[in-house]
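The first residue in the sequence is number 1, and the count goes up from there. Any value given below was found using the heavy atoms of this structure, including those in side chains, with hydrogens, waters and symmetry copies removed.
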Amino acid sequence: MSRTLVEHLSAGLPAEAILTDPDITASYAHDMASFCEAGEPAVVVLPRTVEEVQHIMRTATELRVPVVPQGARTGLSGGANATDGCIVLSLVKMDRILEISPVDRIAVVEPGVVNAALSRAVGEHGLYYPPDPSSWEMCTIGGNIGTASGGLCCVKYGVTAEYVLGLDVVLADGRLMHTGRRTAKGVAGYDLTRLFVGSEGSLGIVVRAVLGLRPKPPQQLVLAAEFASAAAACDAVCKIMEGGHVPSLLELMDRTTIQAVNAFANMGLPDTTEALLLAAFDTPDPAADLAALGLLCEAAGATQVVPAEDHAESELLLQARRLSLTALEAVKGTTMIDDVCVPRSRLGEMLEGVERIAEKYGLTIGVCAHAGDGNTHPTVCFDSADADESRRARESFDEIMALGLELGGTITGEHGVGILKKEWLAREIGPVGVEMQRAIKQTFDPLGILNPGKLF
């Protein structure tokens with residue numbers, strides 16, 4: 001590690017904000033993705049102020065040192081993985097909620113605010129921040145913005161990008177830029193705010209965000225519908241969406257996932273269940289909405305429809321879905337979680353294709369999905385100590401992404417590209433798209449020091 005780098009950083013940072021012990025810095029080297037290389041950082045910095053972030057970026061520019069921004073490292077694509085000799089810029093100490101305005105229906109936050117903490121804070125004002133990734137108890141708003149993350153409620157409320165109104169961003173050379181607005185409307189100039197959402201820290205460092213809020217909805221009620229085939233469950237999804245229904249949640253679990261959850265937590269789901277559909281409404285009369293949806297499920301071939309009577313029963317019904325990823329990980333010890341999104345009309349073809357791929361490679365691949373969005377999470381289970389099984393896992397993962405593109409979908413609905421899907425991004429957007437994206441990157445980061453090696 002260059003002593004010059006630490007000396008330069010020390011000129012604008014307190015000693016406790018600079019970590020150099022290799023045993024400690026190694027723990028910041030990677031996120032939660034499999035099959036993604038990670039380098040050894042030269043130093044980890046934990047700023048608390050915008051000015052400190054500016055100092056870090058000025059230092060990095062002066063010394064030509066790469067910078068890898070990080071949040072809670074809950075990502076699944078290697079987007080927060082360190083490169084050799086880099087500055088890891090962890091934003092977890094910038095965790096203040098600066099403002100909550102019930103009149104303007106906005107919150108102003110720093111990037112290290114945990115998603116669940118924001119949700120609870122705005123809830124005390126009768127407000128609601130909808131984006132709710134599965135890791136919401138750990139993941140940070142900055143990370144959510146970097147990957148344009150989603151969650152269970154997106155079928156009704158949309159993804160992170162729809163709630164980011166404005167940003168303060170420290171650019172590669174240390175300048176501070178303000179984008180967007182805090183008003184309900186605003187179309188002045190290019191939409192640079194949206195450009196940063198999903199950019200995975202490759203264009204600048206988000207240090208403050210203005211987030212849109214909604215009035216807090218009533219507690220949702222949940223319905224569970226069991227099906228004798230995945231195709232029937234996917235048909236039900238199509239009928240629900242075609243019928244104009246607006247559920248607050250519409251989730252699907254395939255047979256493999258159901259069996260894994262039963263083995264893990266003894267949930268008691270019937271062995272004959274090939275697919276489980278979970279739907280919810282947070283409307284003024286959710287019971288009536290669930291009843292109408294239940295009829296559609298029965299018409300599509302549901303073998304059993306169980307509506308909850310209250311919030312407690314709803315939480316019990318959702319428990320199986322929340323346990324899905326943990327249960328699948330227990331099958332072999334390691335998982336690769338994909339997030340291919342396809343048109344809803346082709347959801348059934350996606351599930352059938354994943355089943356064929358699992359058989360081809362002799363692997364357990366469970367699918368849980370945000371069915372209302374067509375956003376599937378095929379989860380490949382494998383033993384990382386078995387070289388051949390690891391190879392098959394990676395090959396099956398790639399084949400699943402190819403299937404998603406073939407069906408008119410996208411390689412990532414909410415996890416981002418990072419390292420894991422770089423070659424697939426190029427296939428999806430084509431050579432002209434890659435050229436334009438690289439030109440944008442060059443404009444914001446001419447030295448190429450911001451999160452190098454990610455996206456493309």
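At a threshold of 4.5 Å between non-hydrogen side-chain atoms, the residues Leu325 and Ile337 count as touching. Put simply, the side chain of Glu40 does not reach to within 4.5 Å of the side chain of Thr25, judged on heavy atoms. At least one side-chain heavy atom of Arg394 sits less than 4.5 Å from a side-chain heavy atom of Leu420. When side chains are defined from C-beta on, Val380 counts as touching Ile400, because their heavy atoms get closer than 4.5 Å. Glu274 has its side chain out of reach of Asp254: every pair of non-hydrogen atoms, C-beta onward, lies at least 4.5 Å apart. Between Leu211 and Tyr129 there is a side-chain heavy-atom pair separated by less than 4.5 Å. Counting heavy atoms from C-beta on, the side chains of Val50 and Arg208 come closer than 4.5 Å. Looking at heavy atoms from C-beta onward, Met350 lies in side-chain contact with Leu403 at the 4.5 angstrom threshold.
The backbone N or O of Val340 sits less than 3.5 Å from a side-chain atom of Thr376, completing a donor-acceptor pair. Remark: side-chain polar atoms of Thr193 are not paired, donor with acceptor, to backbone N or O of Val164 under 3.5 angstrom. At distances below 3.5 Å, not a single donor-acceptor pair connects side-chain atoms of Thr83 with backbone N or O atoms of Cys86. Between the side chain of Thr257 and the backbone N or O of Met253, no donor-acceptor pair lies under 3.5 Å. Here the side chain of Ser149 pairs no donor or acceptor atom with the backbone of Ile145 at under 3.5 angstrom. Looking at Glu52, its side chain does come within 3.5 Å of a backbone N or O of Arg48 through a donor-acceptor pair. Counting only distance, with no hydrogens or angles, the side chain of Thr183 and the backbone of Gly186 share no donor-acceptor pair below 3.5 Å. Judged by distance alone, with hydrogens and angles left aside, the side-chain atoms of Ser27 form no donor-acceptor pair with the main-chain N or O of Asp23 at under 3.5 Å. Judged by distance alone, with hydrogens and angles left aside, the side-chain atoms of Arg64 form a donor-acceptor pair with the main-chain N or O of Thr61 at under 3.5 Å. Of the possible donor and acceptor atoms, none in the side chain of Asp282 sits under 3.5 Å from a partner among the backbone N and O of Pro217.
For the residue pair Ser248 and Gln220, a side-chain donor N or O sits within less than 3.5 Å of a side-chain acceptor on the partner. Between the side chains of Thr412 and Asp339, at least one donor N or O sits under 3.5 Å from an acceptor N or O. For the residue pair His377 / Glu414, a side-chain donor-acceptor distance below 3.5 Å is found, with atom types taken as modelled. Defined by atom type and a distance below 3.5 Å, a donor-acceptor pair is missing between the side-chain atoms of Asn115 and Asp132. Between the side chains of Asp398 and Trp424, a donor-acceptor pair is found at a separation under 3.5 Å.
Taking CZ from Arg344 and CG from Leu250, the interatomic distance works out to 9.0 Å, rounded to the nearest 0.5 Å. The distance from the CG atom of Leu152 to the OG atom of Ser134 is 5.5 Å, given to the nearest 0.5 Å. Atom CG of Leu276 is separated from atom CZ of Arg255 by 14.0 Å, given to the nearest 0.5 angstrom. With values rounded to the nearest 0.5 angstrom, Asp373 atom CG is found 14.0 Å from Lys156 atom NZ. Remark: Asp445 CG to Met57 CE distance equals 7.0 Å, nearest 0.5 Å. Atom CG in Leu167 sits 10.0 Å away from atom CG in Leu192 (nearest 0.5 Å).
No salt bridge links Glu110 with Lys93; every basic N to acidic carboxylate O contact stays at or beyond 4.0 Å. Using a 4.0 Å cut-off between a side-chain N of Lys or Arg and a carboxylate O of Asp or Glu, Lys239 and Glu242 do not qualify as a salt bridge. Ionic pairing of Asp386 and Arg392 is not present here: no N-O contact between side-chain nitrogen and carboxylate oxygen is shorter than 4.0 angstrom. The pair Lys421-Glu428 does not meet the salt-bridge criterion, since no charged nitrogen lies less than 4.0 angstrom from a carboxylate oxygen. A salt bridge is defined here as a Lys NZ or Arg NE, NH1 or NH2 lying under 4.0 Å from an Asp or Glu carboxylate O, and Glu251 with Arg321 meets this definition. Taking 4.0 Å as the cut-off between side-chain N and carboxylate O, Arg391 and Glu395 count as a salt-bridged pair.
Around CE of Met267, the count of heavy atoms belonging to other residues, nucleotides or ligands within 6.0 Å exceeds 12.
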*Would you sort out whether Lys360 and Glu355 count as a salt bridge (charged side-chain N to carboxylate O under 4.0 Å, His left out), showing the intermediate values?*
CA-CA 9 Å; Lys360 174 181 176 180; Glu355 187 172 357; over 6 Å; no
*side chain to side chain contact (heavy atoms under 4.5 Å, CB included) between Arg182 and Asp104: does it pass, once the steps are laid out?*
CA-CA 8 Å; Arg182 53 180 291 144; Asp104 294 328; 3.8 Å; yes
*asked:* Test side chain to side chain contact (heavy atoms under 4.5 Å, CB included) on Gln54 and Ile205; report intermediate values, then the result.
replied: CA-CA 9 Å; Gln54 290 182 276; Ile205 311 297; over 6 Å; no
*asked:* Evaluate Thr334 against Ser34 for side chain to side chain contact (heavy atoms under 4.5 Å, CB included), listing each step before the verdict.
replied: CA-CA 8 Å; Thr334 309; Ser34 300; 4.0 Å; yes
*Determine, stepwise, if the pair Thr74 / Asp31 fulfils side chain to side chain contact (heavy atoms under 4.5 Å, CB included).*
CA-CA 6 Å; Thr74 56; Asp31 62 17; over 6 Å; no
*Just do the salt bridge (charged side-chain N to carboxylate O under 4.0 Å, His left out) check on Arg120 and Glu124 with the steps written out, would you?*
CA-CA 7 Å; Arg120 294 183 182 112; Glu124 294 177 4; over 6 Å; no
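Ring-centre distance between Phe397 and Tyr361: not below the 6.0 Å cut-off. Aromatic ring centroids of Tyr163 and Tyr157 lie 6.0 Å or more apart.
Between Leu13 and the options Ile56, Thr59, Val53, Leu46, a side chain to side chain contact (heavy atoms under 4.5 Å, CB included) holds for only Ile56.
Minimum heavy-atom separation, Val207 to Pro111: O-CD, 3.2 Å. Between Met177 and Phe196, the shortest heavy-atom contact is CE-CE1, 3.4 Å. Listed here is the closest heavy atom pair of Ile87 and Leu5: CD1-CD1, 3.8 Å. Contact record, Gly79 with Asn451: O-ND2, 2.9 Å, taken as the closest heavy-atom pair. Smallest separation of non-hydrogen atoms from Ala265 and Leu323: CB-CD1, 3.7 Å. Tyr128 approaches Pro215 most closely through the heavy-atom pair CB-O, 3.8 Å.
Not counting sequence neighbours, Phe456 has no partner by the ring-ring contact (aromatic ring centres under 6.0 Å, His included) test.
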